[in-house]
Amino acid sequence: MKASREFQRWSITPPDLLDLSPPKARELVTRCFLEAQKETFARTRRSVGLTDEEADVERSVRTAVKAVFHEVGADYGWPSREDLQRVVAALSARAAGWGTPDDVVAYHRAQLSLLLAHVPS
């Protein structure tokens, strides 16, 4: 994996909100978590002797996000806005627990709040 900043910022874009469905919102939440925590996951994988190739890191992040959906009792296939809110809260807590700076966590929560406001009820 190429060297990158430790905590990258992901931002919602107008095209992200077009034809927004619950599964699309779920994928955007996953993308946000991946971009913000990519280096954390890559370092963890390296520390246990696994590869840090982008595809491997992305699979690890997707697995972690799916686990959070399960832990909070959210429907991964067609999540409600409330499901996504619980998942975002849990992912934010995880990121903070891993030492992600408060401003980075707050920034991404704000971006995801903008997204979730547009998820159909």
Side-chain angles (χ1 to χ4, degrees):
M1 174 179 262
K2 294 181 181 178
S4 62
R5 295 183 324 196
E6 187 169 344
F7 299 107
Q8 295 186 16
R9 293 190 185 252
W10 175 87
S11 298
I12 192 80
T13 64
D16 292 332
L17 301 176
L18 293 176
D19 300 318
L20 186 62
S21 65
K24 182 178 178 182
R26 178 200 63 224
E27 290 305 308
L28 290 168
V29 167
T30 303
R31 178 63 45 197
C32 174
F33 194 66
L34 170 64
E35 293 304 321
Q37 297 300 318
K38 188 182 297 185
E39 187 59 27
T40 300
F41 274 79
R43 287 179 185 193
T44 299
R45 289 183 60 82
R46 284 191 302 268
S47 75
V48 296
L50 298 173
T51 67
D52 64 353
E53 296 297 319
E54 185 129 1
D56 296 326
V57 171
E58 187 169 340
R59 271 191 298 279
S60 291
V61 169
R62 185 166 299 281
T63 297
V65 170
K66 284 181 181 179
V68 168
F69 268 84
H70 179 73
E71 289 168 17
V72 302
D75 181 354
Y76 183 81
W78 196 267
S80 68
R81 182 183 302 160
E82 293 75 22
D83 285 343
L84 291 165
Q85 288 169 334
R86 288 194 315 276
V87 167
V88 167
L91 291 172
S92 297
R94 290 240 170 114
W98 296 334
T100 304
D102 292 342
D103 66 305
V104 174
V105 173
Y107 173 84
H108 289 99
R109 276 196 84 156
Q111 291 298 301
L112 292 174
S113 289
L114 290 171
L115 170 72
L116 296 180
H118 291 86
V119 173
S121 298

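Small disclaimer: the values here were computed from a predicted structure and weren't measured.
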Given Val57 and Leu34, is the side chain to side chain contact (heavy atoms under 4.5 Å, CB included) satisfied, shown in steps? CA-CA 8 Å; Val57 171; Leu34 170 64; 4.2 Å; yes

Going through the distances and angles, do Leu114 and Gln111 end up as a side chain to side chain contact (heavy atoms under 4.5 Å, CB included)? CA-CA 5 Å; Leu114 290 171; Gln111 291 298 301; 4.2 Å; yes

Please evaluate residues Glu27 and Arg31 with respect to the criterion salt bridge (Lys or Arg N to Asp or Glu O under 4.0 Å), reporting the C-alpha separation (whole Å), side-chain torsions for both, the decisive distance (0.1 Å), and the verdict. CA-CA 6 Å; Glu27 290 305 308; Arg31 178 63 45 197; over 6 Å; no

Val119/Leu116 under side chain to side chain contact (heavy atoms under 4.5 Å, CB included): CA gap, chis, key distance, verdict: CA-CA 5 Å; Val119 173; Leu116 296 180; 4.0 Å; yes

Test log, rule side chain to side chain contact (heavy atoms under 4.5 Å, CB included), inputs Asp83 and Ser80: CA-CA 5 Å; Asp83 285 343; Ser80 68; 3.3 Å; yes

Set out, in order, the CA-CA distance, both residues' side-chain angles and the distance that settles salt bridge (Lys or Arg N to Asp or Glu O under 4.0 Å) for Arg46 and Glu39, then state yes or no. CA-CA 10 Å; Arg46 284 191 302 268; Glu39 187 59 27; 3.0 Å; yes

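In this structure, CG on Leu17 lies 8.0 Å from CG on Leu28, to the nearest 0.5 angstrom. Atoms OG1 and CD, on Thr100 and Gln37 in that order, are 3.5 Å from each other to the nearest 0.5 Å. Note that CZ of Arg94 is 13.5 Å distant from OG1 of Thr40, once rounded to the nearest 0.5 Å. Atom CG of Leu115 sits about 4.0 Å away from atom CD1 of Ile12, to the nearest 0.5 Å. Rounding to the nearest 0.5 angstrom, the gap separating the CZ atom in Arg45 from the OG1 atom in Thr51 is 4.5 Å. Atoms OG1 and NZ, on Thr30 and Lys66 in that order, are 9.0 Å from each other to the nearest 0.5 Å.
When all heavy atoms of Ala25 and Leu20 are compared, the pair lying nearest together is N-CD1, 3.9 Å. Across all their heavy atoms, Ala96 and Val105 have their closest contact at N-CG2, 4.1 Å. Between Pro23 and Pro79, the shortest heavy-atom contact is N-CD, 4.3 Å. Nearest approach of Asp75 to Gly77, heavy atoms of both residues: OD1-N, 3.0 Å.
Side-chain atoms of Trp10 and His108, non-hydrogen and from C-beta on, do get closer than 4.5 Å to each other.
Contacts classified as salt bridge (charged side-chain N to carboxylate O under 4.0 Å, His left out) and involving residues 103-121 (residues at least two apart or in different chains) are given here: Arg9-Asp103.
At least one donor-acceptor pair under 3.5 Å links the side chain of Arg26 to the backbone N or O of Tyr76.
Ring geometry for Trp98 versus Phe33: interplanar angle of 30 to 60°, hence tilted.
Of the charged side-chain nitrogens involved, none lies within less than 4.0 Å of a carboxylate oxygen, so that Glu82 and Arg86 do not count as a salt-bridged pair. For Lys38 and Glu54, the salt-bridge test passes: some basic side-chain N is under 4.0 Å from an acidic carboxylate O.
Hydrophobic clustering, defined by side-chain heavy atoms of Ile, Leu, Val, Met, Phe, Trp and Tyr closer than 4.5 Å, groups Val48 together with Leu50.
Contacts of Tyr107 classified as ring-ring contact (aromatic ring centres under 6.0 Å, His included), with partners at least two apart in sequence or in another chain: none.
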